[in-house]
Structures are given as C-alpha cells and as structure tokens.
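Given the structure is predicted, the values throughout are model-derived calculations rather than measurements.
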Amino acid sequence: MSSVIGKIVRGEFTPHKDIETDAQVLRLTCGTHTCHHIYPTMRSTTSDGMFLLHFRELGRRRQLYAMNLETGDSLQLTSGRDVDDYHAAFSCDDRHIFFLQANTIWKMDALNLIREELYRPRGDWKVREFNFTDDDRYMVTCEVLAGGYEVSLSGLTDWSTFALDSLRAPRNRIVLIDLQSGEASVLVDEECWLGRPCFRPGDPTTIMYCHEGPYDMIDARMWLVQSDGTGKRCCRSQDNDTVLTSEFWFPDGSELGFLCWRPHSDEAEELHAIDPVTLEERTVCTCPAYAHCAVGPNGKLIVGDALSTNDPVHIHASAVSGRVSAFGEDDDFIYLSDLGTGEAIRLCHHGSSYLPKYGRVFDSEPHPVFSRDGRSIIYVSDAEGRPSIYRVKLARFLWERAAKRDESYAYGITATF
C-alpha cells in the first residue's frame, strides 16, 4: 500500500458489548495489521475528544495518522523512514501536531499538513522522547549520545536485553528548549538510562524524569529537577523488592502519582502520591494489579490495565511465573479506580497478551488513557488478532451503571440504545 501524506483510510469500526460489564466497546482499527495509540504521557486526542493520534503499520513501516472518532476515517500525517511510532502530540490548542522523525521534532499545521522543523539536537545526540508545558512555550527532551550504546523503551523489540541495557548505562541527557527563543539548555547529563520527562502542570519550572531499567537494578526511579538545572532530587528511595512505575502528574500539579507494589508479596498493589515540594508521600488507594495507569482530566479517576499477576510486564512477557495478583486469576480487565472512594470498577475485558511479538515491546500492552475531554477510554489489545485500538465511551458507561441501580434502566433512555 502506498504511503502518502494526506491519504485517507476509511473507518473500520467494529462494536461489541462486554459480556461481563455491559460496556459498549468499539474496535477502531481492523485487527489485520498492527495499530496502536501514542505514549500515554502525551496529548493523544484533541481537547474535545474528537480526533485521535495513532500509528499504523502498513507494509514494513509505521506512520502517524489522525482518526476522526465519529466516522473512523484516518488521515495519514507522515511518510518515509525513521518515524518514531510512540511519540507524537496535539498542541494545546489542537492547531498543530508534533512528531519525531529522522532525529527531528516536527510541527505540522493540522489544517494544511505543512510541517516545519521545531528542534534537532546538535552533534551526536539523538532525541528519544519529548513533552511540553501546558501552553507549549517550553519543550523538554530526553536524548541519548549516538555512537555509544543507544537505547529507548519504545525501540526495544523484546525484553531479553532490558537488564543489560540498564547495566550498560548509556549517556543520556534531559534538555529544556524555549520554543519562542529557540534557546536550549541541558538540565541533566548522566551515564544512566533516562526517560519519561514531563512538566509539572501549572509550573513550567519543575520537571519529572525517571531512571529506566528493571525495578531491582536501578538506584531510584523518580527524580525532579528545576528548569534552570538546579534542585535535582530523588523523589523517594527504593529497595530492590519494590516496583515503582506509571508516574503521572495530577492535573492540578499538586502531586506526583505512581503505582507501587512488591512483586514477591501477596499484598495488593497501591497508588501512591508525592508532594513535589515537601516530598511527603501518601497512599491514595489499593488497586488491581495494574501494569499501567493514567489519570483523568479532573483528577478523580484513574484507568489501568490489570495483568493478573504481581510480576512487572518485562518478567510476565518473558516467562509467565504463575504468581497471581491479589484481585484473582485471569484478571485481564481495564479498570477504573475512584480516587475518592477507593473503589475499583471493571470497565471491560482487554484480554491482551503483552507479548513482544509484533516488533516492539509496547505493541500489545493496553496502556489505557482518557481522552482529553474525559469522556472516553482508549486502549490497545491483540485479543482479536494483531494489536488494535479500542474505545469505550466512559460517560455512557458510568451513566448506565448508575441507572441500573434503580428501575429507570428498564424503561428510561438507556433502554432505547
């Protein structure tokens, strides 16, 4: 199939009702070739939830598309080689699209598809990840020095080298770019595998990033640094029997949330939060055995993909251990966690394998996220073939769930759907 910017792929919607939860689930892509959404820390939808950025593998290459979630039609946005197929984002005003190709971050006009170069690192550095402030004034990148040992999670084809990649300690840096002046400054430069750079909401002077690698081999995962390069600090200590992962900022910037559990314990997984100023930590709630999670735009719900085991994904995908999570066996569901009550609500069955058999380790990982309007959940699963993208209309699910508690469900508006 030809690869042309502006080409339209017609809608491939396939609906079904989840047999356990009655959620209305819509498969957005056909299931015959690999499709997935973007990395969960980036703006994957427009602010109104109408368009979704995603990647499709047609032929031997993956290209970026924008899907109209009402019609299912997808518009091709990239072509050619070296498109990073996990990092892209809508601008804060939905007017532009950012993506990474050939070691350059591009800014594309969403109306005419004309692109301009936004940033390219000097020398032998290669961009691996990027993110923006709320207003897109500043951008932060994670870069690796070429010529040495280059590594990125989104580039791994399987988990066999995960531990070795961490031990090799590739030289990485975190760079801050002022997109008005073009000035770039290095905030962190270490011989350590770095990742997940992200600005604190409402505070462009505070940046979170991570030390990547197996949980029992890294010194500490979560770190903060100020935008002038000062104040580098570890968020919390970490022993070699504790997993910390899926870091996110709460929408108001008040706390840094993350998943925390001990894989060799029968204790339930927990969601924790840390104050970025005082570094005071609290337990928010227990939760199913989430492999990943994301917070909703109002900060009241998180969505997560349960894995049925306390093992981290890289262990589960390499050799199934048989250890079952505290929530039970075969718990491969998408859940919502109500952060006010602590209740875990089954949304739908994802049934994904998490196996790295399609080219990238992330391809069959659900990585559920909220649309930016908070009305939909988007996730990936290979339960029906190759990795496909799915959508659940969250507003409808929650409304019908509430209606079932009284007689109105039998004769009200919900009965007509």
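- Aromatic pair His37/His54: ring centres not closer than 6.0 Å.
- For the pair Trp249/Pro251, no side-chain contact is recorded, criterion being any heavy-atom separation below 4.5 Å from C-beta on.
- Aromatic rings of Tyr86 and Phe362 (six-membered ring for Trp) have centroids within the 6.0 Å cut-off, being under it.
- Between Phe132 and Phe98, the ring center distance clears the sub-6.0 Å criterion.
- Counted within 6.0 Å of NZ on Lys300, heavy atoms from surrounding residues, nucleotides or ligands total 12 or fewer; the atom is thus considered open.
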Test log, rule salt bridge (Lys or Arg N to Asp or Glu O under 4.0 Å), inputs Asp275 and Arg282: CA-CA 9 Å; Asp275 185 306; Arg282 69 184 179 96; over 6 Å; no
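- Counting only heavy atoms from C-beta outward, the side chains of Val127 and Tyr119 approach each other to under 4.5 Å.
- We find that Glu57 and Arg386 are joined by a salt bridge, their nearest charged nitrogen and carboxylate oxygen being less than 4.0 Å apart.
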Derivation of the salt bridge (Lys or Arg N to Asp or Glu O under 4.0 Å) call for Arg221 and Glu247: CA-CA 10 Å; Arg221 180 168 170 89; Glu247 305 80 8; 2.2 Å; yes
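- Atom CD of Glu183 has 12 or fewer neighbouring heavy atoms from other residues, nucleotides or ligands inside a 6.0 Å radius.
- Put simply, SG on Cys260 and NE2 on His272 are 4.0 Å apart, with the number rounded to the nearest 0.5 Å.
- Interatomic distance, CD1 of Ile174 versus NZ of Lys232, reported as 10.0 Å (0.5 Å rounding).
- Ser91 and Asp136 share no donor-acceptor pair across their side chains, judged by distance under 3.5 Å alone.
- With contacts defined as side-chain heavy-atom distances shorter than 4.5 Å, the pair Asp241/Asp216 does not qualify.
- Salt bridge present: Glu400 and Arg396 bring a charged side-chain N and a carboxylate O closer than 4.0 Å.
- A cation-pi arrangement is found for Arg173 relative to Trp125, the charged atom lying closer than 6.0 Å to the ring centre and inside a 45° cone about the ring normal.
- Between the side chains of Arg391 and Ser376, at least one donor N or O sits under 3.5 Å from an acceptor N or O.
- His349 places a side-chain heavy atom less than 4.5 Å from the side chain of Asp332.
- The six-membered or imidazole ring of His211 lies away from that of Trp193, with a centre-to-centre distance of 6.0 Å or more.
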Check against salt bridge (Lys or Arg N to Asp or Glu O under 4.0 Å), Arg56 and Glu12: CA-CA 13 Å; Arg56 292 170 175 262; Glu12 307 161 311; 3.2 Å; yes
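- Atom CD of Glu117 sits in a crowded spot, with more than 12 heavy atoms from other residues, nucleotides or ligands closer than 6.0 Å.
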Evaluation steps, side chain to side chain donor-acceptor pair (under 3.5 Å), between Asp363 and Thr34: CA-CA 8 Å; Asp363 289 346; Thr34 297; 5.1 Å; no
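- Using a 3.5 Å distance cut-off with no hydrogens or angles, the side chains of Arg27 and Ser388 do not pair a donor with an acceptor.
- With rounding to the nearest 0.5 angstrom, the CG atom of Leu271 is 10.0 Å from the OG atom of Ser246.
- The shortest side-chain heavy-atom distance between Tyr138 and Leu176 falls under the 4.5 Å cut-off.
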Check against salt bridge (Lys or Arg N to Asp or Glu O under 4.0 Å), Asp239 and Arg262: CA-CA 10 Å; Asp239 60 48; Arg262 294 182 179 274; 3.2 Å; yes
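- With a 4.5 Å cut-off on side-chain heavy atoms, Glu281 and Phe258 count as touching.
- Taking NE2 from His350 and CD1 from Ile377, the interatomic distance works out to 13.5 Å, rounded to the nearest 0.5 Å.
- Atoms OG and CZ, from Ser181 and Arg137 in turn, are 6.5 Å apart once rounded to the nearest 0.5 Å.
- Of all heavy-atom pairs spanning Leu224 and Cys235, the tightest one is CG-SG, 3.6 Å.
- In Arg375, the CZ atom is not crowded: 12 or fewer heavy atoms of neighbouring residues, nucleotides or ligands sit closer than 6.0 Å.
- Under the 4.5 Å side-chain criterion, counting only non-hydrogen atoms from C-beta, Val392 is not in contact with Ile334.
- Under the 3.5 Å distance criterion, with hydrogens and angles disregarded, no donor-acceptor pair is assigned to the side chains of His87 and Asn131.
- Of the charged side-chain nitrogens involved, at least one lies within less than 4.0 Å of a carboxylate oxygen, so that Arg95 and Asp109 count as a salt-bridged pair.
- Side-chain contact, Gln76 with Tyr65: a donor N or O sits under 3.5 Å from an acceptor N or O.
- Only one option out of Arg62, Gln101, Gln63 pairs with Thr78 in a side-chain hydrogen bond (donor to acceptor under 3.5 Å, both in side chains); it is Gln63.
- Taking the ring centroids of Tyr379 and Tyr390, they lie under the 6.0 Å cut-off.
- Side-chain contact annotation: Arg233 with Gln226, donor-acceptor N/O pair under 3.5 Å present.
- Using modelled atom types, one finds a donor on one side chain and an acceptor on the other under 3.5 Å when comparing Ser47 with Asp94.
- For Glu191, the CD atom sits in a loose shell: 12 or fewer heavy atoms of surrounding residues, nucleotides or ligands are nearer than 6.0 Å.
- Looking at Thr245 and Tyr290, their side chains never come closer than 4.5 Å, going by heavy atoms from C-beta outward.
- Looking at Tyr354 and Asp305, their side chains do bring a donor and an acceptor atom within 3.5 Å of each other.
- Atom NE2 in His36 sits 8.0 Å away from atom CD1 in Ile389 (nearest 0.5 Å).
- In terms of heavy-atom proximity, Ala273 sits nearest to Val284 at CB-CG2, 3.8 Å.
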